[in-house]
Q: 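To start, I am sharing the structure in question, which I have written as structure tokens.
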Amino acid sequence: MTRQLKLALRAYGVGGPGQHNLWKDPRIPKNASIDIDWYIAQAKAAEHARFDALFIVDSQFINATYPPHYLNRLEPLTLLSAVATHTRHIGLVGTLSSTYNSPFNVARRFASLDHISRGRAGWNVVTSLDSGTSRNYGLDEHLDYATRYGRALEHVTVVRGLWDSYEDDAFPADVERDLFVDPAKLHALDHEGEHFRVAGPLNISRSPQGQPVIFQAGVSDEGRNLAAHVAEGIYAPGGSLPQTQAYYADIKQRTAALGRDPDHVLIFLGAAPVIAGTDAEAHRLSREIFDADNDFTRKLAAFGRSFGAYDFSGHDLDAPFPDLSAHAEKSGRTRGAAIIARAREQGLTLRETVLAFTEYQPSPFTGDPRTVADTIAQWFAARSFDGLNLGLRTPEDLDRFVADVVPLLQARGLFRTEYSSDTLRGNLGLPVPANRHLVTAKI
Ligand SMILES: Cc1cc2nc3c(=O)[nH]c(=O)nc-3n(C[C@H](O)[C@H](O)[C@H](O)COP(=O)(O)O)c2cc1C
């Protein structure tokens, strides 16, 4: 079968990173990020275009400098449960941190969403970037990378174990035999590991897709290893064609090395297309969007996020970039280390470093609809991604992508014209995981 492009929609309401002024756009309701009707409308539009999933990102720490959407937003599973009842086909992927949740809770909530949506739930496993989150959970310190990712792998393993508590035919619900549940088909987990002790069983059965689909976001060596072990989808950051190809090849190779089928890990690249009537117009629009958000004080504040929301305001802008490695280790080391290394190599001041890392870089998917569709097709064929996780600024931008770009992708046979399944797993072409208790029984 020819490889099919996957499409997800990231909904950022009043504006995510790099969209600090979006809330002023008259097409965006000021309460978009907490208005369930806004999300339902977005999900329906994406479903109408046969998108694979609505993708909800999340975090649990803010200060007033964070992007508008982060300051006032709905909790992902609550949101997705409501969207589920207004849609039939689109997948519902929610971000939940393995660092600040217990596996039993996560297993139960996603299994519930999976039933509510009749098999469309996906869990985006993150380890939490923001070190300040720890103080919202009664902890003095955020965990370091090794602990966060070690915990994440064990967390997912436990959650999956709990999702297999019941075999698929565990509920005969036979009135004549007076048998609601077959106790032989209910399994405790009895997990005892480095980070968790969980007895089980979970009090909810498997859904039509067997288990929710596991996504992952995090690009360090530790993050890639987690992906290779457990991810079925990845939300990957954008970059140049060679950078994204290298990431793609690395993930597929790590996955294969662990004996998994690399086609069962789908890489969704974050993308923010800018589309207009002509290429020149689209590039002008893209520059305008950048210029409207290009405020140094705001950028300086946002720059602190990789270093645990570090406050640079007291620093001399013209002194060398400070060594904040220890802050990055407890927060966003991948980006933090890249910033520190470049500042050191090039002898940059704080001001120069901020400017170097926030200079204008148009999305590679900028142009008229044909240019955008051509670029998507080329990068897809070049194995830069299996799918795109689209951040579109306004509902009009989504409509434009759907009306003008999707048909070109469909005409090339790259994107579906009808859903092939009612489940997220089915539409993504991912296998239903066999219940581990059945697998063991057959050996
Ligand atoms: C593309 C991408 C999206 C992410 N989305 C989220 C998110 O929605 N919520 C969150 O808490 N962390 C998110 N993360 C952060 C990761 O979970 C991780 O904590 C962080 O990236 C640091 O790990 P890394 O160095 O492995 O990337 C995201 C990371 C990436 C690369």
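Each ligand, and each atom within it, is numbered from 1 in the order the structure gives.
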Q: Which residues satisfy the salt bridge (charged side-chain N to carboxylate O under 4.0 Å, His left out) test with Arg148, sequence neighbours excluded?
A: none
Q: What residues, two or more places apart in sequence or in another chain, satisfy side chain to side chain contact (heavy atoms under 4.5 Å, CB included) together with Ala272?
A: none
Q: Could you name each residue pair satisfying side-chain hydrogen bond (donor to acceptor under 3.5 Å, both in side chains) that touches residues 283-294, not counting sequence neighbours?
A: Ser286-Tyr360, Arg287-Asp291, Asp293-Arg298, Asn294-Lys299
Q: Please work out which of the three classes, parallel, tilted or perpendicular, describes the rings of Phe110 and Trp163, given edges at 30° and 60°.
A: perpendicular
Q: Say whether, by atom type as modelled, one donor and one acceptor occur between the side chain of Ser384 and the main chain of Phe380 under 3.5 angstrom.
A: no
Q: Is there a side-chain contact between Asp130 and Gln60, using heavy atoms and a 4.5 Å cut-off?
A: no
Q: List, pair by pair, the atoms of ligand 1 and of the protein that are both N or O and lie under 3.5 Å apart, giving the separation rounded to 0.1 Å.
A:
from	atom 1	to	atom 2	distance (Å)
ligand 1	8 (O)	Asp58	N	3.2
ligand 1	8 (O)	Asp58	O	3.3
ligand 1	9 (N)	Asp58	O	2.4
ligand 1	11 (O)	Asp58	O	3.4
ligand 1	17 (O)	Thr127	N	3.1
ligand 1	17 (O)	Ala217	O	3.1
ligand 1	19 (O)	Thr127	OG1	3.0
ligand 1	19 (O)	Arg148	NH2	3.3
ligand 1	23 (O)	Tyr145	OH	3.3
ligand 1	23 (O)	Tyr149	OH	3.2
ligand 1	25 (O)	Tyr145	OH	2.6
ligand 1	25 (O)	Thr334	OG1	2.3
ligand 1	26 (O)	Tyr149	OH	2.7
ligand 1	26 (O)	Val219	N	3.2
ligand 1	26 (O)	Ser220	N	2.9
ligand 1	26 (O)	Ser220	OG	2.6
ligand 1	27 (O)	Val219	N	2.8

